[in-house]
Amino acid sequence: MNLFTDIRTLVIENLTLLQAEGVLPAGLDFKNVAVEPPRDPLHGDMATNAAMVLAKPAKMKPRDIAEALAGKLAADGRIDSADVAGPGFLNMRLAATLWQDVIATAIAQGPDFGRSDMGQGRKVNVEFVSANPTGPLHVGHTRGAVFGDALASLLDFSGHEVTREYVINDGGSQIDTLARSVYLRYLEAHGQEVSFPEGVYPGDYLIPVGQALKDKVGDKYVDQPEDIWLEDLRNFGTDKMMDLIREDMAALGVKMDVFFSEKSLYGTGKIEECLNTLDKKGLIYQGTLPPPKGKELTDWEPREQTLFRSTLHGDDVDRPVKKSDGSWTYFAPDIAYHYDKVLRDYDELIDVFGADHGGYVKRMKAAVSALSDGKVPLDIKLCQLVRLFKDGEPFKMSKRAGTFVMLRDLIDLVGADVTRFVMLTRKNDAPLDFDFSKALEQSKDNPVFYVQYAHARVRSVFRKAEAAGIAVDDATLKAADLTLINHEAELTVAKKLAEWPRLVEIAARTNEPHRIAFYLYELAADFHALWNRGNDLPELRFLQEGDIATSQAKIALIRSVSIVISAGLSILGVTPAEEMR
RNA sequence: GCACCCGUAGCUCAGCUGGAUAGAGCGCUGCCCUCCGAAGGCAGAGGUCGCGCGUUCGAAUCGCGCCGGGUGCACCA
């Protein structure tokens with residue numbers, strides 16, 4: 001249920017009625033008629049712009065339309081009052097029973113309250129993380145991982161059929177580097193002194209991989225030329241790195257549905273097939289690109305190569321798919337990979353990339369547009385950088401090898417729940433400051449704590465109620481006399497709960513899970529405010545001595561608060577707190 | 001040079017398919033615990049929404065042009 005769409009339906013019914021009565025002309029388009037919460041709650045519970053958007057096509061004054069509509073709406077039992085304001089806004093006050101119904105619905109639907117069918121079962125593929133299999137995940141990957149996972153959950157919650165996918169870049173030359181790095185660790189495991197020249201990965205995490213290789217093959221590869229061991233070590237290294245990455249993701253609570261191997265595209269004719277498809281559309285040609293501008297290139301010279309005419313699909317320049325020596329560029333298998341997704345019949349594709357891939361967006365969209373004839377939208381979400389702080393100072397982790405802060409370090413320091421929530425308190429295209437000390441601080445300055453605290457407070461009331469012998473199971477609460485919930489402070493919370501289904505749809509439509517985090521903060525604030533009103537007004541306390549019916553009604557209200565907080569946190573991948581410690 | 005992102009209160013940031021007097025938190029000022037957890041709440045002060053033009057009944061939001069900051073430009077992956 002979504003109260004806003006219910007009321008919008010009511011508004012449109014009455015507009016139609018006005019047409020039938022000849023007050024409004026026929027043939028009006030109602031699609032721009034919106035029902036929203038007014039910015040200022042003093043104006044009412046809901047407002048509609050109907051009169052203003054219809055004024056021009058109906059050739060009437062907005063206020064006249066609004067007056068006529070107000071007359072109709074005021075007659076409906078659900079509307080306490082409908083007033084015309086300003087240039088033609090229609091402000092409505094809703095009957096208290098509607099807000100009380102929200103509570104009953106929340107309890108009846110439990111974790112599914114707010115679930116939407118707006119996705120209509122559309123198949124969406126969310127590709128995220130996709131870190132090169134050359135080492136463990138670091139902070140930058142973490143943001144993408146959290147974002148992608150939360151977005152996938154959000155889309156699932158709003159009626160999409162979601163696939164979480166990771167593409168393993170196991171086909172490129174960075175895997176040669178990995179293989180050589182593993183080889184050095186392998187020699188080291190055999191007691192050799194090794195040095196790590198430029199261009200290999202020096203990280204400690206490869207030490208056990210070298211050891212494992214020794215355990216597996218003994219001294220078979222010692223002092224052998226590269227062509228003997230390279231292919232084997234590419235596979236061995238990639239497998240070990242993917243194990244590591246899977247463990248990292250598991251520690252963060254991220255689980256993929258599909259791991260797609262880029263290598264599987266090579267030698268199977270898939271890339272060729274994809275490029276043939278483009279060729280048939282006249283989008284492949286032999287040509288020479290102009291030199292890149294604004295950059296001093298000393299070794300640049302014009303070369304003829306195979307190009308994809310991406311400019312016909314919105315890109316700035318055409319892009320090479322083959323190098324001058326005839327081998328594929330990185331872009332070629334990536335096009336083929338996205339073609340594979342299109343062929344797998346997804347209705348929509350989403351890629352979550354790091355901000356450093358910004359230059360890749362247009363060409364990828366161009367490729368998907370070309371391959372699907374514009375039928376499959378591709379949305380690319382770029383996650384900006386994460387800057388680490390401690391006590392307000394930039395933070396660097398001292399690591400023997402490398403200055404990256406690893407995902408594991410984050411989780412060890414603050415835990416997966418805090419990491420996830422903090423990463424989602426900023427929209428993806430804004431840089432994120434992550435302050436360790438703040439993330440662990442127990443104050444309202446820390447949104448993670450603030451939301452968790454609200455949930456813990458609800459649970460605390462439940463424990464007290466149970467100790468007092470009051471039944472607080474959902475079946476009992478659902479049957480509670482909710483007309484006892486009628487104080488303005490309580491209805492404020494119920495109204496915030498009513499926004500939840502609408503908020504979910506907005507967040508899903510924009511692919512912006514951070515809106516969930518901000519909403520939860522607002523809901524927590526309304527709840528904390530109500531809690532404290534109980535200090536001054538004893539009748540607002542949730543437990544009313546000797547009045548079980550009222551207590552149960554009030555507990556039903558805060559039960560629905562905890563339901564929504566749990567549902568929201570579940571989308572973000574965070575576990576709600578039972579109590580604060 | 002070009003592309004993308006950002007610019008909103010002293011600071012960090014929200015702001016819905018364009019809606020009314022632009023909202024939070026921190027910081028500042030003053031209040032509220034014999035009370036379901038004060039780890040919290042209430043109130044006050046604080047804004048040319050970077051600048052200009054345009055579209056519109058209406059612009060922080062859309063378009064164009066500037067200014068400032070970030071990221072990226074290749075036969076790398």
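Worth knowing before you read on, the calculation uses all heavy atoms, side chains too, and leaves out hydrogens, waters and symmetry mates. A, B, ... follow the sequence lines: proteins, then strands. Residue 1 opens every chain.
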Under the criterion ring pair (Phe, Tyr, Trp, His ring centres under 6.0 Å), I'd like the reasoning laid out for A:Phe434 against A:Phe436: C-alpha separation, chi angles, the key distance, then a yes or no. CA-CA 6 Å; A:Phe434 192 112; A:Phe436 290 100; 5.6 Å; yes
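- Across the protein-nucleic acid pair, A:Phe89 atom CZ and B:G18 atom P stand 13 Å apart, rounded to whole Å.
- Set against B:C4, B:C16, B:A77, the side chain of A:His357 has B:A77 as its closest nucleotide.
- One finds a side-chain N or O of A:Lys323 lying less than 4.0 angstrom from the OP1 or OP2 phosphate oxygen of B:A77.
- When both distances must be under 3.5 Å, the Watson-Crick or G-U wobble mate of B:C36 does not exist.
- None of A:Asp316, A:Asp318, A:Asp315 except one satisfies the salt bridge (charged side-chain N to carboxylate O under 4.0 Å, His left out) rule with A:Lys362; the exception is A:Asp316.
- Of the candidates B:C13, B:C16, B:G40, B:C13 carries the atom nearest the A:Phe518 side chain, counting heavy atoms from C-beta on.
- Look at A:Arg426 and you won't find any side-chain N or O under 4.0 angstrom from OP1 or OP2 of B:U12.
- Donor-acceptor pairing under 3.5 Å, judged by distance alone, is absent between the side chain of A:Asp356 and the base of B:G72.
- Evaluation of atom-type donor-acceptor distances gives a pair under 3.5 Å for the side chain of A:Arg541 against the base of B:C35.
- A:Asn132 comes within 4.0 angstrom of sugar-phosphate atoms only, judged by non-hydrogen atoms across all strands, and of no base.
- Because its glycosidic torsion is more than 90° from 0, B:C67 is reported here as anti.
- With distances taken from any side-chain atom of A:His43 to the nucleotides B:C36, B:G40, B:A20, the minimum falls on B:A20.
- As rounded to the nearest Å, B:G15 and B:U55 have P atoms that lie 29 Å from one another.
- Look at A:Lys444 and you'll find a side-chain N or O under 4.0 angstrom from OP1 or OP2 of B:G41.
- Side-chain contact between A:Pro447 and A:Phe518 is absent, with no heavy atoms from C-beta onward closer than 4.5 Å.
- Within 4.0 Å (heavy atoms only), A:Tyr360 reaches at least one base atom of the nucleic acid.
- Among the nucleotides B:A3, B:G25, B:G40, the one closest to the side chain of A:Asp445 is B:G25.
- Look at A:His528 and the base of B:G40; the rings do not stack under the cut-offs of 5.5 Å between centres and 30° between planes.
- Nucleic acid contact for A:Val53: base, since at least one base atom lies under 4.0 Å from a heavy atom of the residue.
- Each of B:C76, B:A38, B:G15 was ranked by its minimum atom distance to the side chain of A:Arg457; first place goes to B:A38.
- Pairing partner, B:G63: B:C53, with both Watson-Crick or wobble hydrogen-bond distances short of 3.5 Å.
- Using a 4.0 Å cut-off, no side-chain N or O of A:Ser460 falls inside it from OP1 or OP2 of B:C36.
- Figure legend. B:G72 is base-paired to B:C2; pairs are counted as Watson-Crick or G-U wobble with both atom distances under 3.5 Å.
- For A:Lys56, a side-chain nitrogen or oxygen approaches OP1 or OP2 of B:C57 to under 4.0 Å.
- When rounded to the nearest whole Å, the span between CD of A:Gln544 and C1' of B:C36 equals 10 Å.
- At a threshold of 4.0 angstrom between heavy atoms, the contacts of A:Gly172 are confined to the sugar-phosphate backbone, with no base atom among them.
- Interface remark: the A:Asn91 side chain does form a donor-acceptor pair with the B:A20 base, using a distance-only criterion of under 3.5 Å.
- A:Ala507 comes within 4.0 angstrom of nothing in the nucleic acid, heavy atoms only.
- Ring planes of A:Phe542 and A:Trp531: perpendicular class, angle over 60° (limits at 30 and 60°).
- Distance A:Glu262 CD to B:C76 P: 12 Å, rounded to the nearest Å.
- An OP1 or OP2 oxygen of B:C13 is reached within less than 4.0 angstrom by no side-chain nitrogen or oxygen of A:Lys427.
- Here the nucleotide nearest the side chain of A:Glu512, chosen from B:C5, B:G15, B:C13, is B:G15.
- Across all strands shown, B:A43 pairs with B:U29; the Watson-Crick or G-U wobble distances both stay below 3.5 Å.
- Side-chain nitrogen and oxygen atoms of A:Trp531 include at least one within less than 4.0 Å of the OP1 or OP2 phosphate oxygen of B:A38.
- Among the protein residues, A:Gln174 comes within range of the sugar-phosphate backbone only, with heavy atoms under 4.0 Å from sugar or phosphate atoms but none that close to a base.
- Note on A:Ser324: a base of the nucleic acid sits closer than 4.0 angstrom, heavy atoms only.
- Screening A:Glu578, A:Glu466, A:Glu579 for a salt bridge (charged side-chain N to carboxylate O under 4.0 Å, His left out) involving A:Arg459 leaves a single residue, A:Glu578.
- The side chain of A:Leu543 sits closest to B:C36 out of B:U17, B:C36, B:C13.
- Residue contacts shown for A:Tyr450 are limited to sugar-phosphate atoms, with no base heavy atom under 4.0 Å away.
- The aromatic rings of A:His357 and A:Phe353 sit tilted relative to each other, their planes meeting at an angle between 30° and 60°.
- Going from atom CG of A:Asn169 over to atom P of B:A77 covers 11 Å, rounded to whole Å.
- Interatomic distance, A:Ile245 CD1 to A:Ile168 CD1, rounded to the nearest 0.5 Å: 8.5 Å.
- For A:Arg319, the listed nucleotide lying nearest its side chain is B:A74; candidates were B:G40, B:U71, B:A74.
- Listed by chain and residue number, nothing satisfies the side chain to side chain donor-acceptor pair (under 3.5 Å) test with A:Gln452 (two or more places apart in sequence, or in another chain).
- Going from atom SG of A:Cys383 over to atom CZ of A:Phe128 covers 11.0 Å, rounded to the nearest 0.5 Å.
- Between A:Arg387 and B:G70 there is no side-chain polar atom (N or O) within less than 4.0 angstrom of OP1 or OP2.
- Within the 4.0 angstrom heavy-atom criterion, no nucleotide atom of any strand lies near A:Arg459.
- In this structure, A:Lys438 places its NZ atom 10 Å from C1' of B:G27, rounding to the nearest Å.
- Rounded to whole Å, the distance from CG on A:Leu378 to P on B:C4 is 16 Å.
- Checking A:Gln544 against A:Thr550 by side-chain atom types alone, no donor-acceptor pair falls below 3.5 Å.
- Side-chain N/O atoms of A:His514 include one lying less than 4.0 angstrom from OP1 or OP2 on B:G15.
- At a threshold of 4.0 angstrom between heavy atoms, the contacts of A:Ala47 include nucleobase atoms, whether or not backbone atoms are also involved.
- Nucleotide B:G23 forms a pair with B:C13, judged by Watson-Crick or G-U wobble geometry with both contacts under 3.5 Å.
- B:G18 is unpaired under the criterion used here, namely a Watson-Crick or G-U wobble arrangement in which both key atom distances are under 3.5 Å.
- Base engagement by A:Ala85 is indicated by at least one non-hydrogen atom pair under 4.0 Å involving a base atom.
- The base of B:C42 lies outside donor-acceptor range of the side chain of A:Arg533, with no N or O pair under 3.5 Å.
- Here the P atom of nucleotide B:G58 and the CE atom of A:Met52 are 12 Å apart, to the nearest Å.
- Look at CG on A:Asp433: it is 10 Å from C1' on B:C13, rounded to the nearest Å.
- Under the stacking definition used here (centres under 5.5 Å, planes under 30°), the residue A:Tyr330 fails to qualify as stacked on the base of B:C76.
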